[in-house]
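Step one of this worksheet: look at the structure below.
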Amino acid sequence: MTETTLSNRKAELLSTPVEHIDITSFDARPIVDAMKKMSFTSRDLGRATDIYNQMLADPDCSIFLVIAGSTSAGGCMDLYAELLRNNMIDGIVATGATIVDMDFFEGLGHKHYQALEVPDDDTLRSLLIDRIYDTYIDEEQLQHVDHTIFEIAETLEPRPYSSREFIREMGKYLTQHGKKENSLVKLAYEHDVPIFCPAFVDSSAGFGLVKHQVDAVKAGKPYMVLDAIADFRELTEIKIKAGTTGLLMIGGGVPKNFIQDTVVCAEILGHDDVQVHKYAVQITVADVRDGACSSSTLQEAASWGKVNTGIEQMVFAEAGSVMPLLASDAYHRGLWKNRVKRRWGASFD
């Protein structure tokens, strides 16, 4: 193909942006109430929604949104932003992809696109288009994210940073240079909601930070580094101070285990009175038969002393299909309106 033909083909494939769902535009309470009277996953979702509303109603409960997977790219980005904006979550633990490749990416003005057809992936590679199932990302725009992360790192004092500290710098950057108001990273900075990414470099951030380190070494200069131990320590400090906690978990993997392990870590630090997570909801499609963390049930987590067995619910469903219902129900019930802002992020200032 000629360069013009390739450019036209790429524009054709990247012509339909993903539209993120607006949970304020519809009231899911009637359908969730009806689903509570059904069976199977419908009833599970109804109970999960009740538990999330209990978290919001509990004046002592700090709520953590835990995200793994690609729901942000798939249309839930504004949903998560709405939860943060309305004080319906107090902290976030997520994959680097969720925070960097998806949210920060759109915060810089880029888009995710619907794959209305799925051509050969070698063809996509030749056009510099990355694919997440039926969603496209412009690789050249993603490289803009890599370089922006590098630029942020270059401005920082060369010392260890937790992922929370670095993501806060990303939020600060978006307040000055961002192109989207509904960025989770930007809103978290403005509302002092801490975001932790325990596997932060497993994302576009990794490329930018590697370049920062390599360039510094070549120049014989010191460089900033990420401190994964500080991540664990800081999140455990929040758990100790928070007392009562609830988990709203989408997917599993490292973010799920990381937030659950704060209970065990607090005990090891001598806080024998630390509470297990009182409330927990997990939405996942992972199969429990393979013994993996992503699929391990919340009942299983109770055996490790991490989660209360009484107020938990697994929902085995693709999160993009059920989170809009759960979040819209909670938004319209309005229990968040009386919550006190925790501002856990400010506790490290």
Side-chain angles (χ1 to χ4, degrees), residues 67-68 72-73 91-110 125 128 130 132 137-180 183-190 192-238 253-255 257-258 261 265 344-349:
I67 315 172
S72 290
I92 299 167
V93 184
T95 58
T98 293
I99 297 305
V100 184
D101 300 48
M102 299 174 195
D103 185 88
F104 189 67
F105 173 82
E106 290 211 0
L108 292 174
H110 306 307
R125 179 58 188 162
L128 295 179
D130 303 322
I132 306 173
I137 306 170
D138 187 333
E139 170 63 25
E140 293 173 288
Q141 293 178 349
L142 202 53
Q143 289 176 13
H144 175 221
V145 174
D146 306 342
H147 188 72
T148 304
I149 293 293
F150 166 77
E151 289 180 346
I152 293 172
E154 290 284 288
T155 68
L156 300 180
E157 175 191 350
R159 64 170 177 82
Y161 291 78
S162 67
S163 65
R164 175 200 59 80
E165 285 183 281
F166 191 84
I167 294 166
R168 182 171 171 78
E169 293 296 330
M170 292 165 56
K172 181 179 179 181
Y173 181 92
L174 289 179
T175 63
Q176 300 166 359
H177 307 287
K179 304 291 177 61
K180 179 183 179 183
S183 163
L184 195 64
V185 172
K186 176 178 176 288
L187 289 168
Y189 171 80
E190 294 172 339
D192 286 320
V193 172
I195 300 178
F196 293 89
C197 288
F200 189 56
V201 296
D202 184 22
S203 67
S204 275
F207 304 121
L209 294 178
V210 167
K211 177 172 171 52
H212 164 70
Q213 189 173 111
V214 169
D215 286 1
V217 169
K218 286 180 180 178
K221 298 178 180 179
Y223 47 83
M224 61 81 54
V225 295
L226 288 176
D227 185 347
I229 299 171
D231 275 354
F232 201 10
R233 172 178 53 78
E234 289 182 358
L235 191 57
T236 300
E237 287 175 6
I238 293 175
V254 173
N257 204 50
F258 195 66
D261 271 348
C265 189
W344 291 118
S347 66
F348 299 101
D349 294 342

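Throughout, numbering of the chain's residues begins at 1 and tracks the sequence.
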Least distance between heavy atoms, [X] atom then [Y] atom:
X	Y	result
Val254	Pro198	CG1-CG, 3.5 Å
Gly107	Ser183	CA-CB, 4.2 Å
Phe196	Pro194	CE1-CB, 3.8 Å
Ile99	Leu184	CD1-CD2, 4.4 Å
Ile195	Val185	CD1-CA, 4.1 Å
Phe105	Asp138	CE1-O, 4.4 Å

Rounded to the nearest 0.5 Å, how far does [atom2] of [Y] lie from [atom1] of [X]?
X	Y	atom1	atom2	result
Gln141	Glu106	CD	CD	10.0 Å
Tyr173	Tyr189	OH	OH	14.5 Å
Phe258	Cys197	CZ	SG	10.0 Å
Asp349	Asp192	CG	CG	6.5 Å
Leu174	Ile152	CG	CD1	7.0 Å
Leu187	Lys180	CG	NZ	9.5 Å

Could you check whether the rings of His110 and His144 sit parallel, tilted or perpendicular, using 30° and 60° as the cut-offs? perpendicular
Verify the distance criterion only: is there a donor paired with an acceptor across the side chains of Asp103 and Ser72 at less than 3.5 Å? no
State whether a side-chain donor-acceptor pair under 3.5 Å links Glu151 with His147.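 Their side chains do contain a donor-acceptor pair, which is all the 3.5 Å distance test asks for.
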Test side chain to side chain contact (heavy atoms under 4.5 Å, CB included) on His177 and Thr148; report intermediate values, then the result. CA-CA 11 Å; His177 307 287; Thr148 304; over 6 Å; no
Would you check if [X] and [Y] make a side-chain contact, meaning some heavy-atom pair closer than 4.5 Å?
X	Y	result
Ile67	Thr95	no
Trp344	Val193	no
Phe348	Glu237	yes
Glu165	Leu156	no

Give the table of side-chain donor-acceptor pairs shorter than 3.5 Å for residues 201-228, with sequence neighbours excluded, one pair per line with atom names and distance.
unit_1, atom_1, unit_2, atom_2, d
Ser203, OG, Phe200, O, 2.7
Ser203, OG, Ala205, N, 3.1
Ser204, OG, Asp101, OD2, 3.4
Ser204, OG, Asp146, OD1, 2.9
Lys211, NZ, Asp215, OD2, 3.1
His212, ND1, Glu154, OE2, 2.7
His212, NE2, Met224, N, 3.1
Asp227, OD1, Ile229, N, 3.1
Asp227, OD1, Ala230, N, 3.0

Test your reading of the model: is there a side-chain donor-acceptor pair from Thr98 to the backbone of Ala94, 3.5 Å cut-off?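 Absent.
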Are more than 12 heavy atoms from other residues, nucleotides or ligands located less than 6.0 Å from atom CZ of Arg125? no
Would Arg164 and Glu169 pass as an ion pair if we require N to O under 4.0 Å?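 No, no charged N to carboxylate O under 4.0 Å.
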